[in-house]
Amino acid sequence: MPRRNDIKKIMIVGSGPIIIGQACEFDYSGTQACKALRADGYEVVLINSNPATIMTDPELADRTYVEPLSVAYAEEVIRRERPQALLSTVGGQTGLNLSVDLAEAGILEKYGVELIGAKVEAIKKAEDRLMFKDAMRKIGLETPQSMLITSVEAGFEFAARIGYPMILRPSFTLGGTGGGIAYNREDLVEILERGLDLSPVHEVLAEESVLGWKEFELEVMRDLADNAIIICSIENFDAMGVHTGDSITVAPAQTLTDREYQMMRDGALACLREIGVDTGGSNVQFAIDPKTGRMVVVEMNPRVSRSSALASKATGFPIAKIAAKLAVGYRLDEIKNDITRQTPACFEPTIDYVVVKIPRWQFEKFPGAEPVLGTQMKSVGEVMSIGRTFKQSLGKAIRSLETGKASTADVLLKELIPQRLITPNPERLSYVRFAMENGYTVDQVHEMTAIDPWFLRQIAEIVEYDRVLENHTFESAGKDLLRKAKRDGVSDNRLGRMWGVDPLKVREKRKELGVRAVFNRVDTCAAEFESFTPYLYSSYESECEAEPDSRPKVMILGSGPNRIGQGIEFDYCCCHASFALREFGHESIMVNCNPETVSTDYDTSDRLYFEPLTLEEVLNICDTEKPDGVIVQFGGQTPLNLALPLKRQGVPIIGTDPENIDLAEDRKRFGALLDKLGIPSPANGTATSEQEAIDVARRLGFPVLVRPSYVLGGRAMVIAYDEDTVRRYMREAVVFSQERPVLIDRFLEDATEVDVDALSDGEGVLIAGIMEHIEEAGVHSGDSSCVLPATSISPNALDTIHSYTVQLARALNVIGLMNVQYAIKDSTVYVLEVNPRASRTAPYVSKATGVPLPKVAVALMLGRKLKDLGHLTGGYTSGVLPVPQYFVKSPVFPFNKFPGVDPQLGPEMRSTGEVMGVGENFGEAFAKAQLSAGTPLPNDGTVFISVNDRHKAEAVELGRKFTELGFQLAATRGTAAALQAAGLKVKTVFKVNEGRPNAVDLLKAGSLKLVIYTSTGGHSFSDEKAIRRSAVMYRVPCITTLSGAKAAAEAMVSRRRDPIRVWNLQEIHQKLEMHSAQA
Amino acid sequence: MTDALLALEDGSVFEGRAFGARVQRFGEVVFNTSITGYQEVFTDPSYTGQIVVLTAPQIGNYGANEDDCESPRPFIEGLIVREISSIASNWRSEETADRFLERHGIPAIAEIDTRKLVRKLRIGGVMRGVVGPGDANPQDLIDAARRSPSMAGLDLATRVSTRKRYEWTQPVSRCSPSERLKDAAPPEFRVVACDFGMKRNILRRLVHSGCSVTVVPAGTSAEDILALKPDGVFLSNGPGDPEPLEFQVAQVRKLIGKTPVFGICLGHQILGLAMGGKTFKLKFGHRGANHPVINYQTNKVEITSQNHGFAVDADSIPAATVDITHMNLNDHTVEGLRHRSHPVFCVQYHPEAAPGPHDSHYLFNDFTQLMRGNKR
Ligand SMILES: Nc1ncnc2c1ncn2[C@@H]1O[C@H](COP(=O)(O)OP(=O)(O)O)[C@@H](O)[C@H]1O
Ligand SMILES: Nc1ncnc2c1ncn2[C@@H]1O[C@H](COP(=O)(O)OP(=O)(O)O)[C@@H](O)[C@H]1O
Ligand SMILES: [Mg+2]
Ligand SMILES: [Mg+2]
């Protein structure tokens, strides 16, 4: 069966913003699908609200709609574009759900659109847990016993049948909120009552627990001719009970005999056929009882998933790409294996190395959330590593995490060992090792963790060899010792620490002794066939397969694991750097360790090194490749931290000089520069002791903003209104400050914040975007919505911003991209910070202006001048790029995954992703952005307002607006008084501690539709928090700044006024070209 | 730390750590790319005369157990791996892989750069080699490797075949309470299985699909076989080169037309020769569990388990009398044959799997179908 010719135009649904559980793996799959289908001559229409994705680049689809992933907007796109088919399986859960909704709303039928990939019936059969269990029983596969419970009594009866512990999952709650594990009667009562209460349908799925069983996943593919293959088996290091997304996982499975593996394979194929996923990739999860071998199916995902991205990177088999081809009718045996070229894609990859994935968590950003792991995913990112053995791979994975901690964390406490082993938590891996260092046996640790003894034994052996190493000195260490250490994944840093020498000395010595890293290929076939793709990983084997080229080449350092503050935006820039390099005739070499990304697709760059972003590993690659240039300004803070050390080792960094990057990060030197240029910045000072901090704060006057140097995402940043806060901070901050001073700024209250992205060749400067933040300064730039073009900034201020930016770019001799953050207060423009690198907003600005910023930046780094790049910038080589419409970027927060956390926005970034809204006017763009961000604004009902005294006047304005729009008002006493005084009708509501029914009761009862609750400054009081928290819990949009509230009002006006309309980027950029033609 | 050596006839020497039995052995060095199933590989008689390199880097993780043995003992001459586990972790495990090999006198070397070795074999073709102690003189080992006999022209099948006839009655058994496995069919057919180095799972599969099996030595004549009044004859897998097996080929030629015949691996090659074809030696063979094979009758692809160094030459097949039913999608070699006028068919790969995917179990039912058809 060759490709289908009855289909010409295919619509692909993306996965929207990055959220916990749905990250850039779907940019990877979507991008592959777009590329594959277009390569095959299909016209591709894409809808995805996330502007930071590669897939939403105008080059990737024929029509790119950055629009809300809602039925209404998707229908409008379908109405305009009339695709014949819709591919439902590459956009994650979001894409799948929207596809189903479109089908059920009869829209697909209405416009004659065929669902390809997975049909609605199949999707439902897989997604509905009960239907799924029935289906599995029908084909003789076991699943954990379960029952839908609607009362606590029913819970007891079920418990009597299956016993404790029991897994409880409330139906249809946000991210499984309210679920849990009941170990006894008390737990059951508590969790059930909460769960039934939280579940909109008052239902909880109770399930037999298989905690402690071994968890496995198989990645399966099937074509229309029913050829089915397993791409990869994955074994979870953490036993059942820890979500696969939060588990350390290992590929291939390590502890199954062939008999058992084949039993699982047969089960997975039977499952796929019964569910009826007719083409593409699916993921089936199994659990096996380590005592009896009993096996149950946990679940199956009828689409490409996070695990299939991992499996693709782990094996070199591009699941999403192939899935797209299968969806349009190809057979597996009609598709070639890119890597071997000779052999077909219809085979099962075999690998001769071990892959380890470790998730990255950020509980520290969500005070109030308990750092324990369970059946609900909490990690914000992950790293993958490839090594010849498990030990080597584990060592590399730990390094890739960049937790700042060494593989043996220093802050571990003996007395915590049992607790940290028994209850899964982010530090458990460190504690396993620590426990063994403290004499725990494999059996004891297994007892406490249920982690398979084989894995534990591996760690025990690492610890044992540490002892051997420690008994040596730098001088006494010989070749065999070092070789074994490196083959077991021990880093130069660790050896250096052990022997009290500089890691670079260790590196020098081992190289002299001939203990050098070599590079092996990921080739899908364990070397049985020749490989034509340089997809490489380092090892300490005896033969190097890198075969470097002699062409001019540039190496790009990626951004490592996703984390809040450093996410997909930076991968976007790295990928573009790579595309640009290839276009400019340079060989592009990518280095990264994040399996979710497009940058780690072997298709993206000429050569891919899947390696940790550490000095050691990057230097090893440089030894082999000898690149002509290395780009550090696209990967966020990760490569920046390597810039100077690399330069000192003689690595040619291109673009802005690392010394100047350092200058911009160094408060003292940078402050001096600003003074020299006469550019104002908030009064500030630095401190290395508690007393010093107090003195500085007194001098500057409160409120002050305190923070460590060298972090991204406003990590550990607080606004201090009093000395206590400063004191407390200084006591806790030390951990983060890494021997660097704490920075203290005068905090500018109610200032307007502005983000600027600019391109510079050191002389010429082109301002790409001046973004006005919706929320005032004090809300992290990554957490505030912003709009292009700026709507309320005076021409004078704009001019000032322009000239400051140009001066700064020149002063820092910026070559490439630069980002500046300003705050405007009382018509004075202050510089908050300068980042001489690509910023989080680069993709958003690129999409709004139609100018590919990273591409231009690369040209500049290669030595071109702005004035010669007019063809890339729509003719503009100085000044500010125009934007033809309104583009609002809004952040997306993971609060629903961390119940009990106060959603009040602040200077510490907490959003995981972003969306973009496009409109004719600000209101329209903002309304779309809010809808896409998952906080749709209500059309009617009661708006609850509570603001601090500073804001009462503005609150009245708002109140009036909302009344005009036909909303009722409710407010706490103070605010209510102000509103009534202004003659507005308002219902006074108790604060939580004042009596009942209070605001929280009303929220629960669903009688409040929108909450506007600004912090009363200082430390916000418990009842404020309670109200904001419950708003999140009951999915009532909660706005915590007045500026945000004003924007919301405008959005509602637009919703009344403007029709549902969509624009694709291609037509928007068309307008621009006409623009510049006239210009 | 080096206490074992592998020397190849091309003069290269690999250093590693000794496991299993501390003895010197020579053999043809071949590689297998299966991720699981090392124990089935150790005990597959088809590996007689071969030193096996496993591409999967972590070996021994799940130990060894009696049920997963494909024959009474390991047949490999030696084992080469990247790393061998010091413990066994699996509910079915009875001892560590290391202990299992040692008990049966098989030498193993770990901490070898197996990927380099495999690339060498892929590019240069299989080579003779010697596994020896770390303190041995490398040159002596290289010479020993060069002096050792080559596979081509060796009759190993007779050497490993059973000496006396026996009955096999055991069907496939579950490895877990959750394994989906059809109950064994009641015995309906008398099958005589010629043992050229047969894997147990073939016997289990035959019984499972309704055969009562009499296993006879490789040297059994067609007359003696037919005297047992079989409903069908099965020709097993086995080690080495099919060409020297002239006696067996002659017997099989006599069976064709008289009774249904089904052959696997060496059995397939013998049938190929008996039906007028030729065989040749592959550069580095097919050994693994992921080889795609297309079945021309169903036009579907099977992922197959393979272990062979020789193959039937497609061009040598008399198209008038024999159909090529299966083909390997990697290198387009012959994977299956069927006689046009007589109930005779065979496959080069291993439908009994062990180790490997179960995609091809249907062939055992094809065999019983064939016998049923032939009875009427
Ligand atoms: N019955 C169970 N007993 C113990 N742990 C379970 C059970 N069911 C699921 N889990 C754990 O919860 C995690 C998430 O469950 P899963 O059904 O995969 O939901 P999701 O759709 O969120 O992946 C699994 O990875 C597993 O570790
Ligand atoms: N002096 C200040 N006054 C008011 N707000 C500030 C001040 N300094 C920083 N901020 C707020 O804190 C946020 C984070 O500060 P920034 O220096 O940008 O850290 P990061 O490097 O994490 O982006 C800014 O986006 C801004 O909203
Ligand atoms: Mg799951
Ligand atoms: Mg900032």
Side-chain angles (χ1 to χ4, degrees), chain A residues 139-142 225-227 229 233 252-263 265-267 270 288 290-296 332-333 342-344 346-354 388-390 442 452-454 457 461 480 484 487 520 525-530 541-543 545, chain B residues 1-2 14 31 33-40 55-58 61-63 65 67-68 82-83 85-93 111 113-116 118-119 122-123 174-181 284 288-292 294 299-301 303 329-331 353-358:
Chain A
I139 54 172
L141 285 172
E142 290 183 72
D226 190 33
N227 295 311
I229 54 174
S233 65
Q254 293 294 327
T255 63
L256 292 179
T257 66
D258 183 66
R259 284 297 306 280
E260 298 139 22
Y261 170 68
Q262 299 304 338
M263 154 176 84
R265 183 182 183 275
D266 293 345
I288 288 193
K291 295 188 187 58
T292 64
R294 190 186 145 205
M295 179 178 84
V296 299
L332 278 163
D333 52 325
Q342 314 308 325
T343 59
C346 193
F347 79 117
E348 299 194 343
T350 183
I351 62 186
D352 57 2
Y353 43 84
V354 178
R388 283 283 279 147
T389 63
F390 174 75
V442 163
D452 189 282
W454 186 82
R457 176 63 203 163
E461 286 173 9
D480 285 352
K484 175 155 173 51
R487 280 185 123 192
N520 294 109
C525 63
E528 184 174 5
F529 304 99
E530 188 179 356
E541 302 298 292
S542 47
E543 181 179 61
E545 302 173 60
Chain B
M1 202 160 59
T2 301
F14 291 75
F31 65 89
T33 63
S34 185
I35 294 175
T36 52
Y38 56 81
Q39 193 189 342
E40 290 87 333
T55 61
Q58 308 276 183
N61 308 5
Y62 52 76
N65 68 70
D67 295 351
D68 291 353
R82 174 63 179 82
E83 193 166 277
S85 175
S86 53
I87 65 162
S89 174
N90 186 282
W91 70 96
R92 289 164 67 236
S93 168
E111 292 179 20
D113 181 352
T114 47
R115 185 168 170 93
K116 176 182 182 178
V118 168
R119 280 163 50 84
R122 180 191 86 221
I123 294 160
R174 283 188 174 70
C175 71
S176 145
S178 312
E179 184 169 12
R180 296 162 66 249
L181 184 68
F284 53 86
N290 68 341
H291 292 72
I294 183 134
N299 198 33
K300 277 186 66 173
V301 179
I303 304 302
L329 290 174
N330 285 345
D331 64 1
H358 298 165

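In what follows, chains are A, B, ... by sequence order, proteins preceding strands, each numbered from 1. On a predicted model such as this, the values are computed, not experimentally measured, just so you know.
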Does the side chain of A:E528 come under 3.5 Å of the side chain of B:N330 through a donor N or O and an acceptor N or O?
no

For B:Y38, which atoms come within 4.5 Å of any heavy atom of chain A: side chain, backbone, both, or neither?
neither

Tell me, side chain or backbone of B:R174 under 4.5 Å from chain A's heavy atoms, or both, or neither?
backbone

Name the region of B:I294, side chain, backbone, both or neither, that has any atom closer than 4.5 Å to a heavy atom of chain A.
side chain

Distance-minimising heavy-atom pair for A:D352 and B:T55
CB-O, 3.1 Å

Checking heavy atoms, do the side chain of B:D67, its backbone, both or neither come under 4.5 Å from chain A?
neither

Pick one of side chain, backbone, both or neither for B:E40, based on which atoms fall under 4.5 Å of a heavy atom in chain A.
side chain

Please classify the contact between A:E461 and chain B as side chain, backbone, both or neither, with a heavy-atom cut-off of under 4.5 Å.
side chain

Please rank A:Q254, A:R487, A:R294, A:K291 by heavy-atom pairs under 4.5 Å with chain B and give me the top one.
A:R487

Select one option (side chain, backbone, both, neither) describing which atoms of B:A353 are under 4.5 Å from chain A's heavy atoms.
neither

Residue among A:I351, A:T257, A:T255, A:D226 with most heavy-atom pairs under 4.5 Å to chain B
A:T257

Taking salt bridge (charged side-chain N to carboxylate O under 4.0 Å, His left out) as the test, write out the residues that go with A:D266, two or more places apart.
none

Once rounded to the nearest 0.5 Å, what's the spacing between atom CG of A:L256 and atom CG of B:N61?
10.0 Å

Would you check if there is a donor-acceptor pair between the side chains of A:S542 and B:D113 at a distance under 3.5 Å?
yes

Looking only at B:N90, B:L181, B:V118, most heavy-atom pairs under 4.5 Å shared with chain A are made by B:N90

Flag the pair A:R388 / B:T114 as yes when at least one side-chain heavy-atom distance between them is below 4.5 Å, and no otherwise.
yes

Cut-off 4.5 Å, heavy atoms of chain B, and the answer for A:F347 is both

Which atom names give the shortest non-hydrogen contact between B:S89 and A:D452, and what distance separates them?
OG-OD1, 2.7 Å

Interatomic spacing from CD in A:Q262 to NE2 in B:H358 - rounded to 0.5 Å
4.5 Å

Where on A:P453 is there a heavy atom nearer than 4.5 Å to chain B: the side chain, the backbone, both, or neither?
both

Between B:Y62 and A:E260, is a side-chain contact (heavy atoms from CB on, under 4.5 Å) present by the stated rule, with each step listed?
CA-CA 11 Å; B:Y62 52 76; A:E260 298 139 22; 5.7 Å; no

Side chains of B:P57 and A:V354 in contact at under 4.5 Å (non-hydrogen atoms)
yes

For chain B, which of A:V296, A:I139, A:I229, A:L332 has the most heavy-atom pairs under 4.5 Å?
A:I139

At their closest point, which heavy atom of B:P177 faces which heavy atom of A:G293, and how far apart are they?
CD-C, 4.2 Å

Kindly say whether B:T33 contributes a backbone atom to a donor-acceptor pair with the side chain of A:T350 at under 3.5 angstrom?
yes

Just to verify, what does A:Q342 make a side-chain contact (heavy atoms from CB on, under 4.5 Å) with, not counting sequence neighbours?
A:F532

Of the backbone (N, CA, C, O) and the side chain (C-beta and beyond), which part of A:E142 lies under 4.5 Å from a heavy atom of chain B, both, or neither?
side chain

Bottom line for A:Y353: the part with an atom under 4.5 Å from chain B's heavy atoms is backbone

Test A:R265 against B:I303 for side-chain contact (heavy atoms from CB on, under 4.5 Å), laying out the working first.
CA-CA 12 Å; A:R265 183 182 183 275; B:I303 304 302; 3.8 Å; yes

In terms of side-chain heavy atoms, does A:R457 have a donor or acceptor partner in B:S86 at a distance below 3.5 Å?
yes

Mind checking whether A:R259 and B:Q39 have side chains closer than 4.5 Å, heavy atoms only?
no

Is it the side chain or the backbone of B:F14 that comes within 4.5 Å of chain A heavy atoms, both, or neither?
neither

Within a strict 4.5 Å, meaning less than it, do heavy atoms of the A:E541 and B:R115 side chains meet?
no

Minimum heavy-atom distance A:A527-B:R122, with the two atoms named:
O-NH1, 2.8 Å

Heavy-atom donor-acceptor pair, A:N227 side chain to B:V301 backbone, under 3.5 Å:
yes

Where do B:C175 and A:M263 come nearest, in terms of heavy atoms and distance?
SG-SD, 4.3 Å

How long is the gap from NE2 on B:H291 to OG1 on A:T343, to the nearest 0.5 Å?
10.0 Å

Would B:W91 and A:I288 satisfy side-chain contact (heavy atoms from CB on, under 4.5 Å), going step by step from the backbone distance to the final call?
CA-CA 11 Å; B:W91 70 96; A:I288 288 193; 3.9 Å; yes

Selection from B:P357, B:S93, B:S34, B:P355 maximising heavy-atom pairs under 4.5 Å formed with chain A:
B:P357

What residue, out of B:E83, B:R92, B:R82, has the most heavy-atom pairs lying under 4.5 Å from chain A?
B:R82

